[in-house]
Novice: 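The structure that follows is given in the form of structure tokens.
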Amino acid sequence: MKNNFDVIDFLNDLNQTQKEAVEYLDGPSLIVAGAGSGKTRVLTYKIAYLLKNGYNPSSILALTFTNKAAEEMKQRVNTLLGSNISNYLEMGTFHGIFYKILRQEAEAIGFNKNITIYDTSDSQSLIKTLIASLNLNDEYYKPNLMYGRISRCKNNLLTPHKYRMSNDLQIEDSKARIPKFVDLYEAYFKQCKMQNAMDFDDLLLYANILFRDSPDILDKYMNKFKFILVDEYQDTNMSQYILIKKLSTLNNKVCVVGDDAQSIYGFRGARIENILNFKKDFPKHKLFKLEQNYRSTQTIVNAANSVIKKNEKQISKNVFSENNTGSLIQIQKALTDSEEAIIVAKGINETILSNHLPYAEIAVLYRTNAQSRNLEEALRKTNIPYKIYGGLSFYSRQEIKNVLAYVKLSVNPSDNEAFKRIVNYPSRKIGKVTIEKLQDVATQNNISLWEVIETPNAFPQLNINAGTLNRLLMFRDLVNNLKANISEQTASEYLNYLIQETGIYADLKNDKSVESMNRMENVDELINAAKNFEEEMLKDEPDADVSISSYLENVSLLTDMDNEAEEDFNKVTLMTIHSAKGLEYDHVFLVGLEEELFPSAMSRDTQAELEEERRLFYVAITRARKFLTITYASSRFRFGNLIYPSPSRFISEIDRNFVNWAENENEHKATKNIFQHYRSSNQTDYNSKGSKYVPINKTTRLKSDRFVQKPEKTEIDGERLTPDQIVVGLKIRHETFGKGKVVAVEQTGNGKTAMVHFENSGTKKLLLSFAKLYAEN
DNA sequence: GCTCAGGGCATTTTT
DNA sequence: TGCCCTGAGC
């Protein structure tokens, strides 16, 4: 392991405060790092400095929130020190690090080593089952709300036992008409344990339980971790906070880095108090404030300051920039959100020409993922290349979850969620009723579904007919086969074998639809990822564990493919503000600045929520290096209805000196037309945008006399047409709203049926309602 | 057991 | 508008 400690030129690479923060190793410290102040640089150098001062890599615990942040930090440590030293550091996400510890110490908390991790959808599906089996009224007990509530409890270290002890909570639940919440919580808690599974919050909760109940184990880790570093401390929740406090009690060497002004995850349990109260928690701490912003122009930094200073709860600091003054922030009003998208597209083309920016240096930020649609359409029309972050992540796709469920079940047969997911995929004619029967027996005997089919004869009350039972046994044998091979092959070999053996491959290959082809590609991508994983592992350690179970451990805590495709290199980035945290671009377009999306006044009930919205706005502004354009729409279609939002108050909170607020009189013609149609028409029920660019993904039989006539006429202007050339749609004046493409015409008993591909379900709904209306008259 | 039409319902998100 | 869930009917 070679190192470059002595080569690092701290004096040249760091400013005075950064240097002091890096070199302080005597006790706890808080580094308040304003936006763009070189936070990651300080952390990286601090790790290098610790190593230089004789700290063993494995005694340094460095915690981040995202895999991306951990990955970046590792890279930078390696670059700085010229080795692969980061492999020896205890560096990773909170969840990743504690998952590793919990597997190691599984026995102490009554688990076995092969702990499955349930993602949000697994958890919610289990909760749903439990709501049904506890006979709870699903009008009040909604799975996603219950999941959120349970999550909040766990993040605050409220176990079901503690919950039951609290009278206040019971009264609160009764008022909210969910008096049995605690029963549900307890059942869920027990079920997870029985299935040897943990959800994300459990990883932190059980780590707390482990350290609470096994002092010797706590002791071991307190001794092991001589120095603890925490990134994004403003986003830690109670559970994480206690873990840090506990682990640091012996050595008292903890360095936390964060910016209270960028705390935007309160809604999922982050406690800004953790950073605000650091003083009290670690009385003998040292405070460093990184206040020089190296990222943005003075205008942008000052504008952001003028907004955030309105928050009451914050650590006082003076973020400043010595860069150029830069251009004013442009604020533009659009008539509708579609026009807003067009304005952005134009703006992108302009900035490329006049500021000579590459696409990669431009980002469009919005509050909610749904807002990307209009933008995509406008960018597509103007041929601007773009990429979207967020939405459905790779690992939450059906096909990927299905494949991984086979792996999970092989590793941990108690995993009922995996069992249910694949027992009938590919189809084995094992349906709801059979699973319910299995579930009943499993519940009665407090065992897993797998254990029931392992020895079905042991359960005489299991009333399943011979044919179905036989299919279940074939499934059992299949999984047993998979289990037997688990350590024989590498991860990618195993996945290849698995998709053949289970029939997944055949299932996807036989179906020629576009979706199936996409699915197949994704499965291939998964196998590729496994291959990459093997190569990565073997590069550093020739005898590393590259089996599928090792891969599963690695992959369970991943949410995204962090290997950015090369073709995505020079593209405009579209994403939510939340996911933009930590990133920066030359030109940022911030869209949807309506009160409705950035609620600032009465619509937020507490001061705390208002302040979090303001911090979100602050984060958005400070992503920009040179140019910032803010847009809002004065009217938008929401769930098919027209609404008139007002601009968010936050816009006017920016000091006027930094802003150019141009009222846009140049309303886009098409938008205006649609707008007028909408106003002059009594109909409130038609598609405002016409046809969509999205790939065809819905097939529907359209049964309506009127509509059948269209495909029947296979001649238009004397030219013969095949069904797929005929388009049905709703015409209003000169525009067609909603299009469906007829692909086949069938003769049935009472008339003709047209098979129509719809581009989306909204169009389908629209045309069907139109067809009904037409048929009635 | 499977399919498909119709009803209900919508933040932000990492792990 | 779009998507997920459900229950009726095959």
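Below, chain A is the first sequence line, B the second, and so on; all start at residue 1. The analysis underlying the following values was restricted to heavy atoms, covering all of them including side chains, and did not include hydrogens, waters or symmetry mates.
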Novice: Going by the rule side-chain contact (heavy atoms from CB on, under 4.5 Å), which residues pair with A:R471 if we only count those two or more places apart in sequence or in a different chain?
Specialist: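 Checked A:R471 against side-chain contact (heavy atoms from CB on, under 4.5 Å); matches are A:K429, A:I430, A:T468.
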
Novice: Answer with yes or no whether the side chains of A:E417 and A:S125 bring together a donor and an acceptor at under 3.5 Å.
Specialist: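 Yes, A:E417 and A:S125 have a side-chain donor paired with an acceptor closer than 3.5 Å.
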
Novice: Rounding to a whole Å, what distance do you find between A:Q240:CD and B:dT15:P?
Specialist: 12 Å

Novice: By nearest atom, which of the nucleotides B:dT12, C:dC5, B:dT15 is closest to the A:K128 side chain?
Specialist: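 When the side chain of A:K128 is considered, C:dC5 is the closest of B:dT12, C:dC5, B:dT15.
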
Novice: Go through the structure and list residues passing side-chain contact (heavy atoms from CB on, under 4.5 Å) with A:R268, not counting sequence neighbours.
Specialist: A:F65, A:Y265

Novice: Check every strand shown and say whether A:I577 touches a base, only sugar-phosphate, or nothing at a heavy-atom separation below 4.0 Å.
Specialist: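 A:I577: no heavy atom of the nucleic acid under 4.0 Å.
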
Novice: Does a side-chain N or O from A:N144 land closer than 4.0 Å to OP1 or OP2 of B:dC9, or not?
Specialist: no

Novice: Starting at atom CG of A:L204, determine the distance to atom C1' of B:dT14, rounded to an integer number of angstrom.
Specialist: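 Rounding to the nearest Å, CG of A:L204 and C1' of B:dT14 are 11 Å apart.
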
Novice: Nearest heavy-atom pair of A:T93 and A:T66: which atoms, and what distance?
Specialist: CG2-C, 3.4 Å

Novice: Using a cut-off of less than 4.0 Å, is there contact between a side-chain N or O of A:R471 and OP1 or OP2 of B:dG1?
Specialist: no

Novice: OP1 or OP2 of B:dC2 versus the side-chain N and O atoms of A:S427: is any pair under 4.0 Å?
Specialist: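 So the side-chain polar atoms of A:S427 do come within 4.0 Å of the phosphate oxygens OP1 or OP2 of B:dC2, strictly under.
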
Novice: What nucleic acid atoms does A:N424 come within less than 4.0 Å of, heavy atoms only: base, sugar-phosphate, or nothing?
Specialist: sugar-phosphate

Novice: Quick one: do the A:S121 and A:Q124 side chains pair a donor with an acceptor below 3.5 Å?
Specialist: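 Not at all, the side chains of A:S121 and A:Q124 share no donor-acceptor pair under 3.5 Å.
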
Novice: Under 4.0 Å from OP1 or OP2 of B:dT14: is there any side-chain N or O of A:N237 that close?
Specialist: no

Novice: Which comes earlier along DNA chain B counting from the 5' end, the contact point of A:V433 or that of A:G96, where each point is its nearest nucleotide?
Specialist: A:V433

Novice: Within this structure, what is the CE-to-P distance between A:M198 and B:dT15, rounded to whole angstrom?
Specialist: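 My rounded result for the distance is 19 Å.
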
Novice: Starting the side chain at C-beta, find the nucleotide from B:dC9, B:dT15, C:dG2 nearest to A:K142.
Specialist: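 It is B:dC9.
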
Novice: What nucleic acid atoms does A:D201 come within less than 4.0 Å of, heavy atoms only: base, sugar-phosphate, or nothing?
Specialist: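 Answer is nothing: A:D201 stays at 4.0 Å or more from every strand.
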
Novice: Let's see if you can work this out: which of B:dT15, B:dT11, C:dC3 has an atom nearest to the side-chain heavy atoms of A:T368?
Specialist: B:dT11

Novice: Taking CG from A:N465 and C1' from B:dG1, how many angstroms apart are they, rounded to a whole number?
Specialist: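 Rounded to whole Å, this separation is 12 Å.
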
Novice: Name the closest nucleotide to the A:Y265 side chain, picking from B:dG1, B:dT13, C:dG2.
Specialist: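 From the listed options, B:dT13 comes nearest.
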
Novice: Any chance the side chains of A:S239 and A:D201 put a donor and an acceptor closer than 3.5 Å?
Specialist: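 No.
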
Novice: Nearest to the side chain of A:F200, which nucleotide is it out of B:dT15, B:dT12, B:dC2?
Specialist: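 My answer, after comparing the listed nucleotides, is B:dT15.
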
Novice: Any side-chain N or O of A:T576 less than 4.0 Å from the OP1 or OP2 oxygen of B:dT13?
Specialist: yes

Novice: Within this structure, what is the CG-to-P distance between A:D199 and B:dT13, rounded to whole angstrom?
Specialist: 20 Å

Novice: Looking only at side-chain atoms of A:T434, point me to the closest of B:dT13, B:dT14, B:dG1.
Specialist: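 Looking only at heavy atoms from C-beta outward on A:T434, the closest nucleotide is B:dG1.
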
Novice: Does the structure show A:F267 stacking with B:dT12, if we require the centres to be closer than 5.5 Å and the planes to be within less than 30 degrees of parallel?
Specialist: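 Yes, A:F267 stacks on the base of B:dT12, since the ring centres sit under 5.5 Å apart and the planes are within 30°.
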
